[in-house]
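Just below is one structure, and these are the notes that go with it.
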Protein chains: 2
Amino acid sequence: MKLSFDALKQQLKDREISLSHQRLKVLAFLCRSRGHPTADEIYLALREEIATLSKTTVYNTLRVLEESGMVQAIGIEDHETRFDLSPPDHGHFKCLSCGTVSDVPMDIQALFPEAMNHWRVDETQVNFKGICPDCLSGEEESK
Amino acid sequence: MKLSFDALKQQLKDREISLSHQRLKVLAFLCRSRGHPTADEIYLALREEIATLSKTTVYNTLRVLEESGMVQAIGIEDHETRFDLSPPDHGHFKCLSCGTVSDVPMDIQALFPEAMNHWRVDETQVNFKGICPDCLSGEEESK
DNA sequence: TCCTACTTTGTAATGGTTACATCCGAGAGG
DNA sequence: CCTCTCGGATGTAACCATTACAAAGTAGGA
Ligand SMILES: [Mn+2]
Ligand SMILES: [Mn+2]
Ligand SMILES: [Zn+2]
Ligand SMILES: [Zn+2]
């Protein structure tokens with residue numbers, strides 16, 4: 001469940017991160033984005049609104065948001081990081097056919113073995129790869 | 001639990017992958033390796049045995065082994081892939097302090113929600129990040 | 001021996017990400 | 001208004017793991 005844009009703005013204030021025009025635009029894009037965009041996708045989409053936008057600014061902003069805990073970097077792909085505004089309480093599924101990255105509702109907090117309680121866990125990611133229902137039905141049709 | 005080198009050689013034969021000198025060396029290195037080496041670590045280590053070894057060969061071999069299902073590529077790090085010869089029935093933990101990647105025994109096969117049985121899952125990875133016990137005790141000492 | 005398919009090798013290219021120097025722009029203070 | 005300052009934004013170059021590609025080597029069969 002995503003937070004509203006206004007709530008996110010408030011979070012920026014609370015963390016004393018100045019609400020620059022570019023940062024708000026990146027945040028708004030993540031907010032209205034249904035999937036899990038890459039830095040490049042964010043850049044290409046926002047460049048239509050901010051003609052002078054630099055890709056470095058997108059990376060800088062994403063790092064600021066990530067360090068503040070508002071955004072999570074998803075490493076489900078080898079050479080392309082995806083970004084998620086939602087709280088990190090779910091897994092992700094990448095369809096090897098269409099490339100979509102979907103949410104997988106599940107409790108990932110309780111995964112780490114209790115027997116290993118001497119370890120400090122800061123982050124948990126659960127990544128699945130396979131074929132999504134849409135692509136599966138497409139495969140059957142082509143038989 | 002890792003298979004013996006001889007058992008691995010047999011697997012190559014079964015899959016009709018020719019047992020070239022370089023492939024056997026890569027496999028032997030993964031077999032005796034305790035951690036989860038990167039392609040570069042494999043290359044540097046084996047270059048002492050095979051002076052003419054090319055890094056491309058290491059990557060080619062790893063891809064062949066991965067496609068045959070004998071080796072798993074672990075994407076716990078953003079910028080470098082690690083390789084695991086063990087069966088993919090466990091999670092991984094990366095210590096943000098010392099960089100070690102450890103195994104986390106757990107049943108990752110039963111993780112995908114049964115409600116999503118219309119999805120075909122080919123691969124599951126569970127990645128934790130945090131601080132390992134060794135580094136935690138080190139932090140306490142330095143207080 | 002010759003042929004052919006496979007493997008290895010070296011080098012160049014790729015592409016996401018980061019480092020760095022420079023530029024800009026909103027305020028504070030005069 | 002003017003100027004100073006500093007965080008943020010920008011553009012370019014560098015980084016670096018990985019891949020593409022072409023050339024060279026190799027084993028095995030006819
Ligand atoms: Mn998500
Ligand atoms: Mn492992
Ligand atoms: Zn799909
Ligand atoms: Zn450690």
Side-chain angles (χ1 to χ4, degrees), chain A residues 9 12-13 15-29 35-68 70-84 94 99 101, chain B residues 9 12-13 15-29 35-68 70-84 94 99 101:
Chain A
K9 262 170 70 175
L12 282 183
K13 283 184 191 167
R15 292 159 210 259
E16 294 181 344
I17 298 170
S18 60
L19 288 67
S20 77
H21 184 228
Q22 285 82 350
R23 283 178 186 165
L24 290 177
K25 283 292 186 181
V26 169
L27 207 50
F29 180 82
H36 300 83
T38 64
D40 197 57
E41 285 168 357
I42 298 169
Y43 168 69
L44 291 177
L46 290 185
R47 204 174 47 166
E48 298 182 5
E49 302 176 38
I50 314 172
T52 63
L53 181 65
S54 157
K55 198 177 271 191
T56 303
T57 298
V58 175
Y59 278 108
N60 285 342
T61 300
L62 288 170
R63 198 179 63 243
V64 167
L65 296 177
E66 189 186 352
E67 286 173 353
S68 82
M70 295 179 64
V71 159
Q72 190 190 20
I74 302 171
I76 198 172
E77 307 207 57
D78 285 344
H79 289 314
E80 210 168 51
T81 307
R82 289 173 175 272
F83 296 90
D84 195 348
K94 162 150 195 184
V101 174
Chain B
K9 264 169 69 174
L12 282 182
K13 284 184 192 167
R15 292 160 209 260
E16 294 180 345
I17 298 169
S18 60
L19 288 67
S20 76
H21 185 227
Q22 284 83 348
R23 283 177 185 163
L24 290 177
K25 284 292 187 183
V26 169
L27 208 49
F29 180 81
H36 301 83
T38 64
D40 196 57
E41 285 168 357
I42 298 169
Y43 168 69
L44 291 177
L46 290 185
R47 203 172 48 166
E48 298 182 6
E49 302 176 36
I50 314 172
T52 63
L53 182 65
S54 158
K55 198 177 273 191
T56 303
T57 298
V58 175
Y59 278 107
N60 286 342
T61 300
L62 288 170
R63 197 178 63 245
V64 168
L65 295 177
E66 189 186 352
E67 286 172 354
S68 82
M70 295 178 63
V71 158
Q72 190 190 21
I74 303 171
I76 197 172
E77 305 206 58
D78 286 344
H79 51 291
E80 66 186 7
T81 308
R82 289 171 175 273
F83 295 90
D84 195 349
K94 162 149 195 184
V101 174

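Chain naming here is simple, since letters A, B, ... match the order of the sequence lines and numbering starts at 1 in each. In this text the structure is predicted, and so the values were computed from the model without any measurement.
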Checklist entry - Which residues pass the side chain to side chain donor-acceptor pair (under 3.5 Å) test with B:E77, sequence neighbours left out? => result B:R82, B:K94
Checklist entry - Between B:V58 and B:A39, which heavy-atom pair has the shortest distance, and what is it? => result CG1-O, 3.8 Å
Checklist entry - Which is true for A:T56 with a 4.0 Å heavy-atom rule: it touches a base, it touches only sugar-phosphate, or it touches nothing? => result base
Checklist entry - Using a heavy-atom cut-off of 4.0 Å to chain B, what are the terminal contacting nucleotides of DNA chain C, in 5' to 3' order? => result C:dT7 to C:dT11
Next on the checklist: Using side-chain contact (heavy atoms from CB on, under 4.5 Å), reason through A:V101 and A:D84 one step at a time and then give a plain yes or no.
Outcome noted: CA-CA 11 Å; A:V101 174; A:D84 195 348; over 6 Å; no
Checklist entry - Checking all strands, does A:D78 fall into the base, sugar-phosphate, or nothing category for heavy-atom contacts under 4.0 angstrom? => result nothing
Item to check | Angle between terminal axes - the helix from C:dT1-D:dA30 to C:dG30-D:dC1, 5 pairs each end, rounded to 10° | outcome: 0°
Checklist entry - Is A:I76 close to A:H36 at the side-chain level, that is, under 4.5 Å between some pair of heavy atoms? => result no
Next on the checklist: What's A:S20 touching, base or sugar-phosphate or nothing? Going by heavy atoms closer than 4.0 Å.
Outcome noted: sugar-phosphate
Checklist outcome for this item: For B:F83 and B:A73, the nearest pair of non-hydrogen atoms, with its separation, is CE2-CB, 4.1 Å
Checklist entry - 5' to 3' on DNA chain D, which nucleotides open and close the contacts with chain A (atom under 4.0 Å from a heavy atom)? => result D:dG8 to D:dT18
Next on the checklist: Determine whether B:L12 and B:L24 satisfy the following criterion, side-chain contact (heavy atoms from CB on, under 4.5 Å), listing intermediate values before the conclusion.
Outcome noted: CA-CA 9 Å; B:L12 282 182; B:L24 290 177; 4.1 Å; yes
Checklist entry - With sugar-phosphate meaning primed atoms plus P, OP1 and OP2, does B:T38 contact a base, only sugar-phosphate, or nothing at under 4.0 Å between heavy atoms? => result nothing
Item to check | All side chain to side chain contact (heavy atoms under 4.5 Å, CB included) counterparts of B:Q22, not counting sequence neighbours | outcome: B:S20, B:I50, B:L53, B:T57
Next on the checklist: By the 4.0 Å heavy-atom rule, please label A:D40 as base, sugar-phosphate, or nothing.
Outcome noted: nothing
Checklist entry - Listed by chain and number, what are the side chain to side chain donor-acceptor pair (under 3.5 Å) partners of A:R63, not counting sequence neighbours? => result none
Checklist outcome for this item: Sorted by chain and number, sequence neighbours left out, side chain to side chain donor-acceptor pair (under 3.5 Å) with A:K9 holds for none
Item to check | Upstream residue (5' side of DNA chain D) when B:R63 and B:H79 are each assigned their closest nucleotide | outcome: B:H79
Checklist outcome for this item: side chain to side chain donor-acceptor pair (under 3.5 Å) filter on B:S18, not counting sequence neighbours, yields B:R23
Checklist entry - According to the side-chain hydrogen bond (donor to acceptor under 3.5 Å, both in side chains) rule, which pairs have a member within residues 40-55 of chain B, sequence neighbours left out? => result B:K25-B:E49, B:R32-B:E49, B:D40-B:K55, B:Y43-B:R47
Checklist entry - Heavy atom of residues 41-53 of chain B under 4.0 Å from DNA chain C: which residues? => result B:T52, B:L53
Item to check | Test side-chain contact (heavy atoms from CB on, under 4.5 Å) applied to A:I42 and A:L62, step by step | outcome: CA-CA 10 Å; A:I42 298 169; A:L62 288 170; 4.1 Å; yes
Next on the checklist: Once rounded to the nearest 0.5 Å, what's the spacing between atom CG of A:D78 and atom OG1 of B:T81?
Outcome noted: 5.0 Å
